[in-house]
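In what follows, a single structure is set out as structure tokens and then discussed.
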There are 2 protein chains.
Amino acid sequence: MQTRIKEYRTALGLTQEELAARVQVRRETIVFLEKGKYNPSLRLAHAVAKALGTTVDDLFSFGDEEGGAGGG
Amino acid sequence: MQTRIKEYRTALGLTQEELAARVQVRRETIVFLEKGKYNPSLRLAHAVAKALGTTVDDLFSFGDEEGGAGGG
DNA sequence: TTTCTCTGTAAATATTTCTTTACATTATAA
DNA sequence: TTATAATGTAAAGAAATATTTACAGAGAAA
């Protein structure tokens, strides 16, 4: 799973902390997302996309793993 | 959070079990998603959208809650 | 160097998703 | 009624996300 969060965030001149505040999560959660440490809930993914002025499908991409939702 | 999973699934003539098999999750998980019982992981949301031939943003909608990702 | 801001990491914990197993309901068909 | 297929519900537990707290490194500015 890849994400363009950092790319969008820096383009808007936001710090991780500012983005976290907009999304109403901890800064660490933003760090983890940018680093791809885990796979967010849809609600969180949506909130981040909205805060960055884009969509979930644009912000996150799946190399197209191998079929399903199971771990890879 | 609203979803059009059932709408897409029935349009394709799939049972919950068949969709579950394509997505590689349990049938109960599909029931819960269709009923809005919980908020899936992004990976699961993506896998379901792909199995139904659509996108995450099309399949799920957020009335646009109130800002962030925090519970409502 | 010291100070400040931003970013990254780590461990324990709370919370939620998702599984597993089991049973109930509804509808169709014999 | 009896049988079968599809759907819905429930509870216990496994696995993951997200929080909380704390500390460390990099860069800019004094």
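Keep in mind that the numbers below use all heavy atoms, side chains included, and drop hydrogens, waters and symmetry copies. Numbered from 1 within each chain, the chains take letters A, B, ... in sequence-line order. Everything quoted here is computed from the prediction, not taken from an experiment.
- Side-chain contact between Leu52(A) and Leu19(A): present, with at least one pair of heavy atoms (C-beta onward) separated by less than 4.5 Å.
- The aromatic rings of Phe62(A) and His46(B) sit parallel to each other, their planes meeting at less than 30°, with 60° as the upper class boundary.
- Put simply, CE on Met1(B) is 15 Å from P on dT16(C), counting in whole angstrom units.
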Nucleotide N/O of nucleotides 25-30 of chain D paired with protein N/O under 3.5 Å:
none

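- The separation between Leu44(A) atom CG and dT15(C) atom C1' is 14 Å, rounded to whole Å.
- Phosphate proximity of dT17(C) to Ser41(A): absent, as no side-chain N or O sits under 4.0 Å from OP1 or OP2.
- Atom-to-atom distance recorded for Glu7(B):CD and Arg9(B):CZ is 11.5 Å, nearest 0.5 angstrom.
- Gln24(A) has its CD atom 15 Å from the C1' atom of dT19(D), to the nearest Å.
- If you take CG of Leu33(A) and P of dG8(C), they are 12 Å apart, rounded to a whole angstrom.
- Of the inter-residue distances, the one linking Lys35(B) atom NZ with Ile30(B) atom CD1 reads 14.0 Å to the nearest 0.5 angstrom.
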Are Val23(A) and Thr29(A) close enough, and set up right, to give a side chain to side chain contact (heavy atoms under 4.5 Å, CB included), and what steps lead you there?
CA-CA 10 Å; Val23(A) 174; Thr29(A) 300; over 6 Å; no
Could you go through Asp57(B) and Asp58(A), starting from their C-alpha distance and side-chain angles, then the distance that decides it, and tell me whether this counts as side chain to side chain contact (heavy atoms under 4.5 Å, CB included)?
CA-CA 9 Å; Asp57(B) 289 299; Asp58(A) 180 57; over 6 Å; no
Stepwise side chain to side chain contact (heavy atoms under 4.5 Å, CB included) test for Leu44(A) and Leu33(A)
CA-CA 10 Å; Leu44(A) 173 56; Leu33(A) 290 180; 3.9 Å; yes
Extract from the structure each pairing of a protein N or O with an N or O of nucleotides 3-10 of chain D at less than 3.5 Å, listing the distance.
from	atom 1	to	atom 2	distance (Å)
dT7(D)	OP1	Arg9(B)	NH1	2.9
dT7(D)	OP2	Gln16(B)	N	2.8
dG8(D)	OP2	Gln16(B)	NE2	2.6
dG8(D)	N7	Arg27(B)	NH1	3.2
dG8(D)	O6	Arg27(B)	NH2	3.1

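- Rounding to whole angstrom units, CD1 of residue Ile30(A) and C1' of dT9(C) are separated by 16 Å.
- Residues Arg22(A) and Leu14(A) have side chains in contact (heavy-atom distance under 4.5 Å, counting atoms from C-beta outward).
- Arg26(A) places its CZ atom 16 Å from the C1' atom of dT9(C), with the value rounded to the nearest Å.
- The separation between Arg43(B) atom CZ and dA15(D) atom P is 16 Å, rounded to whole Å.
- As rounded to whole Å, 10 Å separates atom P of dT7(C) from atom CG of Leu19(A).
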